[in-house]
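Reminder, nothing fancy here: chain letters follow the sequence lines and each chain counts from 1. These numbers were taken from a predicted model, which means no experiment stands behind them.
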There are 2 protein chains.
Amino acid sequence: MSDGNATLLSFTGEKFEPCKVCGEPSSGWHCGAVTCEACKKFFLRSINGEDAKYKCIRNQDCVIVRTTRTQCQFCRFQKCKEVGMTNSENTNNPPVAEIFKRFPCAVCKAPSSGIHFGAITCEGCKGFFRRSIKERAPERYRCMENGTCEISAATRNMCRYCRFQKCLKAKIKSLPIRLNFKENLYLNTKR
Amino acid sequence: MSDGNATLLSFTGEKFEPCKVCGEPSSGWHCGAVTCEACKKFFLRSINGEDAKYKCIRNQDCVIVRTTRTQCQFCRFQKCKEVGMTNSENTNNPPVAEIFKRFPCAVCKAPSSGIHFGAITCEGCKGFFRRSIKERAPERYRCMENGTCEISAATRNMCRYCRFQKCLKAKIKSLPIRLNFKENLYLNTKR
DNA sequence: AAAGGAGGTCACTAGGTCAG
DNA sequence: CTGACCTAGTGACCTCCTTT
């Protein structure tokens, strides 16, 4: 999409983790990975054929950190590729999945994977909610304590009742639920 | 938009929402936005260089409503620009897209985006119909209920069968289907 | 030479799957 | 039963064509 990038990607006011190549503070997503400006520039210089000149005088396994990154171009470039940097277009923005990982699930606070049923949730809570309303009777969930169980990534499976309550509180919408695609399509793969 | 304006734009007998600038009842589309007469005049006075004199004595974030709109010219003009008012020609009619937004999609009642396949529909139903007839077998859609599912913006994805029936009922015409660009190109270059 | 509709694109998610 | 991963769509936005 030409620049519908203005969608989710523009929410990225967050901080990025350290440069994947050298460990320094990073400046964002460049060429397919979170890197510092220095490693970004290095990578961009390298991919124009420059890398053909790179030689490692040791065993091609030099450790790349801030203080050593200039000592072996070969291994630095190697690491750039290892962490996923690429030459292709459209790699200056993190994939949406990366963004969502930094938003906590509205139910259990684990890293989320997107907007599901109208709320930001993880895959686990998404699946739990779907199963609950489609093939179960969530009104039959019972809390063995007093209905105030904490729901975290570590504890979310301990009480279905409280997990489901937390889903409702998170404004997860039970409708519209799409009907079973395949049944609705009457898929017969022979034909 | 030369003035084929006599086409769709003359349908606009509808009521407009409140003035985008001050919230008062509006009188129509002026200079690129729905505004009241007062804000229209204010904007037209401002754009002749008048605005150079405007100063905000607060923080350039004055709230602009009916009762306050005359208290800060700077912020009022600011808001005019924010809501999209412009100096350019031909902004006294809403863009056609705006008009269609007020016509409900003949299939699902969501705001429509134009005439597609002979009926006023939204982008969603347009795409659904196109995919149905071009790359699927809509006769294989099956309703899991009894063929009377309600099709609204919220429920349109719940039953393909009923959505497709609604398309047919809305007189969406499946023909003529234009050759796609590539096929067309091929035919043209062939001879 | 502009309007506007057909068809294409692709970011994104609902629902399915199945090893654990 | 859970949840990471996958598939099949969906629809907002875009490009290019036809028509006026």
Side-chain angles (χ1 to χ4, degrees), chain A residues 1-10 90 93-97 99-101 105 107-108 110-136 141 153 156-158 160 163 172-185 187, chain B residues 1-9 90 93 95-97 99-101 105 107-108 110-136 141 153 156-158 160 163 172-185 188:
Chain A
M1 181 175 300
S2 52
D3 65 14
N5 291 355
T7 55
L8 263 170
L9 298 175
S10 47
N90 290 320
N93 274 317
V96 172
I99 298 178
F100 274 112
K101 275 187 201 157
C105 167
V107 177
C108 75
S112 65
S113 67
I115 296 174
H116 307 296
F117 305 103
I120 293 180
T121 72
C122 65
E123 284 294 303
C125 292
K126 172 186 107 173
F128 170 77
F129 186 75
R130 189 183 67 238
R131 287 189 297 272
S132 291
I133 57 170
K134 287 203 67 175
E135 57 209 51
R136 289 183 207 160
Y141 291 161
R156 67 191 179 202
N157 286 324
M158 290 170 66
R160 280 206 261 277
R163 190 183 194 179
I172 294 190
K173 293 181 304 254
S174 59
L175 279 171
I177 293 299
R178 209 184 269 173
L179 281 181
N180 182 316
F181 257 35
K182 289 195 177 163
E183 289 167 10
N184 191 224
L185 241 184
L187 254 196
Chain B
M1 182 179 309
S2 54
D3 66 12
N5 292 356
T7 56
L8 263 171
L9 297 175
N90 287 321
N93 273 318
V96 172
I99 298 178
F100 273 113
K101 275 186 200 158
C105 167
V107 178
C108 75
S112 66
S113 67
I115 296 174
H116 308 296
F117 303 104
I120 294 181
T121 71
C122 66
E123 285 294 302
C125 291
K126 173 185 108 173
F128 170 76
F129 187 75
R130 189 184 66 238
R131 287 189 298 271
S132 291
I133 56 171
K134 288 205 65 176
E135 58 208 53
R136 289 185 208 158
Y141 291 161
R156 65 191 178 203
N157 286 325
M158 289 171 65
R160 281 204 261 274
R163 190 184 194 178
I172 294 191
K173 294 181 302 255
S174 58
L175 283 169
I177 294 297
R178 200 196 273 170
L179 287 178
N180 72 31
F181 299 146
K182 287 179 198 144
E183 290 165 341
N184 221 327
L185 240 178
N188 287 340

Using whole Å, what does the distance between atom [atom2] of nucleotide [N] and atom [atom1] of [X] come to?
X	N	atom1	atom2	result
A/F117	C/dG16	CZ	C1'	12 Å
A/F129	C/dA14	CZ	C1'	13 Å
B/H116	C/dG7	NE2	P	12 Å

Practice problem: Quick one: list whatever passes side-chain hydrogen bond (donor to acceptor under 3.5 Å, both in side chains) with B/S132, sequence neighbours left out. | Solution: B/Y141
Quiz prompt | With A/R163 via side-chain hydrogen bond (donor to acceptor under 3.5 Å, both in side chains) - residues at least two apart | solution = A/N157
Practice problem: Kindly compute the distance separating CZ (B/F128) from CD1 (B/I172), expressed to the nearest 0.5 Å. | Solution: 9.5 Å
Practice problem: Kindly compute the distance separating SG (B/C122) from NE2 (B/H116), expressed to the nearest 0.5 Å. | Solution: 8.0 Å
Quiz item: DNA chain C: B/G118 or A/S113, which has the more 5' nearest nucleotide?
Solution: B/G118
Quiz item: If you take all heavy atoms of A/T121 and A/S112, which pair is closest and at what distance?
Solution: O-CB, 3.4 Å
Produce the list of close N/O pairs, under 3.5 Å, pairing protein atoms with atoms of nucleotides 2-5 of chain D; give distances to one decimal.
residue	atom	partner	partner atom	Å
D/dT2	OP1	A/R160	NH1	3.3
D/dT2	OP2	A/R131	NH2	3.3
D/dT2	OP2	A/R136	NH1	3.3
D/dT2	OP2	A/R136	NH2	2.8
D/dT2	O3'	A/N157	ND2	3.2
D/dG3	OP1	A/R156	NE	2.8
D/dG3	OP1	A/R156	NH2	2.9
D/dG3	OP1	A/N157	ND2	3.0
D/dG3	OP2	A/R163	NH1	3.1
D/dG3	OP2	A/R163	NH2	3.0
D/dG3	N7	A/R131	NH1	3.0
D/dC5	N4	A/E123	OE1	2.5

